[in-house]
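Accompanying notes for the structure given below.
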There are 2 protein chains.
Amino acid sequence: MGITKSEIFTDQQNEIALIAKAFGHPARVAILQHIFKKQTCICGDLVQEIGLAQPTISQHLKELKNLGLIKGNVEGTSVCYCINKEKWDEALGLFKQFLEQDSDKNTKCK
Amino acid sequence: MGITKSEIFTDQQNEIALIAKAFGHPARVAILQHIFKKQTCICGDLVQEIGLAQPTISQHLKELKNLGLIKGNVEGTSVCYCINKEKWDEALGLFKQFLEQDSDKNTKCK
DNA sequence: CATATTAATCGTAATATTGCTATGTAATAA
DNA sequence: TTATTACATAGCAATATTACGATTAATATG
């Protein structure tokens, strides 16, 4: 039915999935990388950097902001975005835990 | 138009997004965690473990297999799945690189 | 005030995803 | 052979996502 049955999974599984979904679009990956690279608040130049229309970028930014991965503050007519360190570190922890399982054990089936 | 413009992004960005999309559903997170936990090939018990219908699980497994994150081999009437170590390590590397940027620098905008 | 700039929102079209039932298929068991 | 078991596939309905043009909201600047 196009709807995810979140209630049958653990909070951790849902949280990993939510963050992963945010990373699941190249535009959002590019946006986050650009924010990191510039080390500073950026605003409309994302539209130029990435070749997507302004409303599309704005929508991706909104998703990232809703999840808490980035923060945005208004400066005059423009809005500056930056990484939300707390949430980012949480994501880092979750993914490390999820990805760094000992895959050497899993060779029982070739 | 509901379609991702992959061509305007780098291979790395697209690869991160593809893998992240696979992690972007709690059922697939649960499946992967279960395969890791059991350390051995599992088959139909995923349907019991997770509360989804067999065709639904089968579909999620197919996605993970198509991406290369897991492998499956037939054993009698059942099919055993296991982590594809090569691909998993690639994912680990990509996500580490992506997530472990120094977020301390990014405090210029509060 | 009028106007420009910047970004958010609305509405829409195209496409993708999730999950199911029903059915098909391949291997084993009786 | 027939039945059973274990999965896969097809088809479908509900919903979500992606992307854009048009518009709106808010702040600057002349």
Side-chain angles (χ1 to χ4, degrees), chain A residues 1-9 13-14 17-31 34-35 40-67 70-82 109, chain B residues 1-9 13-14 17-31 34-35 40-67 70-82 109:
Chain A
M1 294 130 190
I3 195 163
T4 297
K5 292 187 163 180
S6 312
E7 68 279 6
I8 66 174
F9 302 103
Q13 286 164 344
N14 282 314
L18 272 179
I19 297 174
K21 207 192 280 188
F23 295 157
H25 194 288
R28 289 190 291 266
V29 172
I31 286 172
H34 192 75
I35 294 182
T40 168
C41 309
I42 47 90
C43 15
D45 40 29
L46 277 169
V47 177
Q48 280 227 316
E49 269 292 309
I50 305 169
L52 292 172
Q54 178 266 319
T56 308
I57 297 289
S58 194
Q59 201 175 287
H60 285 303
L61 285 168
K62 191 183 174 183
E63 273 181 73
L64 293 171
K65 208 169 93 178
N66 284 345
L67 237 186
I70 61 173
K71 288 188 283 192
N73 42 337
V74 181
E75 293 199 359
T77 54
S78 49
V79 177
C80 290
Y81 288 98
C82 60
C109 103
Chain B
M1 293 131 193
I3 196 165
T4 297
K5 292 188 164 179
S6 312
E7 69 279 5
I8 65 173
F9 302 103
Q13 286 163 344
N14 282 314
L18 272 179
I19 298 175
K21 208 194 279 188
F23 295 156
H25 194 288
R28 291 190 289 267
V29 172
I31 286 171
H34 191 75
I35 295 181
T40 168
C41 309
I42 47 90
C43 15
D45 40 30
L46 277 170
V47 177
Q48 280 227 317
E49 269 291 309
I50 304 168
L52 292 172
Q54 177 266 319
T56 308
I57 297 290
S58 193
Q59 201 175 288
H60 285 305
L61 284 168
K62 191 182 174 183
E63 273 181 73
L64 294 172
K65 207 170 93 179
N66 284 345
L67 237 186
I70 60 173
K71 288 188 281 194
N73 42 336
V74 181
E75 293 198 0
T77 52
S78 50
V79 177
C80 291
Y81 288 97
C82 60
C109 101

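Quick note on labels: first sequence line is chain A, next is B, and so on, each numbered from 1.
What separates CD of A/Glu7 from P of C/dT18 is a distance of 15 Å, to the nearest Å. As rounded to whole Å, 10 Å separates atom P of D/dT17 from atom CD1 of A/Ile3. In this entry the distance linking CG of B/Asn14 with P of D/dT18 reads 13 Å, nearest Å. For the pair B/Ile8 CD1 and D/dC20 C1', the interatomic distance rounds to 13 Å; values are reported in whole Å. Between A/Ile31 atom CD1 and D/dT18 atom P the separation is 11 Å, expressed in whole Å. When the P atom of C/dA7 is taken as reference, atom NZ of A/Lys71 falls 19 Å away, rounded to whole Å. Rounded to a whole Å, the CG atom of A/Asn73 is 15 Å from the C1' atom of C/dT6. Computed from coordinates, the A/His25 NE2 to D/dA19 C1' distance equals 9 Å when rounded to whole Å.
Side-chain nitrogen and oxygen atoms of A/Lys5 include at least one within less than 4.0 Å of the OP1 or OP2 phosphate oxygen of C/dC20. Regarding contacts with the backbone of C/dA16, every side-chain N or O of B/Lys21 stays at 4.0 angstrom or more from both OP1 and OP2. Considering only side-chain N and O atoms, A/Tyr81 lies under 4.0 angstrom from the phosphate OP1 or OP2 of C/dA8.
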- side chain to side chain contact (heavy atoms under 4.5 Å, CB included) evaluation trace for A/Tyr81 with A/Leu64: CA-CA 10 Å; A/Tyr81 288 98; A/Leu64 293 171; over 6 Å; no
- Message: The test is side chain to side chain contact (heavy atoms under 4.5 Å, CB included); show your working for B/Asn14 and B/Leu18 and say whether it passes.
- Response: CA-CA 6 Å; B/Asn14 282 314; B/Leu18 272 179; 5.6 Å; no
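Closest approach of B/Pro26 and A/Thr4 over heavy atoms only: CG-CG2, 3.7 Å. The shortest heavy-atom contact between B/Ile50 and A/Phe9 is CG2-CE2, 3.6 Å. Among all heavy-atom pairs drawn from B/Ala22 and B/Leu67, the shortest one is CB-CD1, 3.3 Å.
Listed nucleotides: C/dT15, D/dA6, C/dT18. Nearest to the side chain of A/Thr4: C/dT18.
For B/Gln48, the CD atom sits in a loose shell: 12 or fewer heavy atoms of surrounding residues, nucleotides or ligands are nearer than 6.0 Å.
Residues passing the side-chain contact (heavy atoms from CB on, under 4.5 Å) test with B/Ser78 are B/Cys43, sequence neighbours excluded. Looking at residues two or more places apart in sequence or on another chain, you find no side-chain contact (heavy atoms from CB on, under 4.5 Å) involving A/Thr77.
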Measure all distances between protein nitrogen or oxygen atoms and nitrogen or oxygen atoms of nucleotides 26-30 of chain D, and list the pairs falling under 3.5 Å.
residue: D/dA28; atom: OP1; partner: A/Gly76; partner atom: N; Å: 3.4

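Of the two residues near DNA chain D, A/Arg28 and B/Gly44, the one whose nearest nucleotide lies more 5' is B/Gly44.
Contacts between residues 52-66 of chain A and DNA chain C, counted as heavy-atom distances below 4.0 Å, involve A/Gln54, A/Pro55, A/Ser58, A/Lys62.
The side-chain hydrogen bond (donor to acceptor under 3.5 Å, both in side chains) contacts involving residues 52-62 of chain B comprise B/Arg28-B/His60, where partners must be two or more places apart or lie in separate chains.
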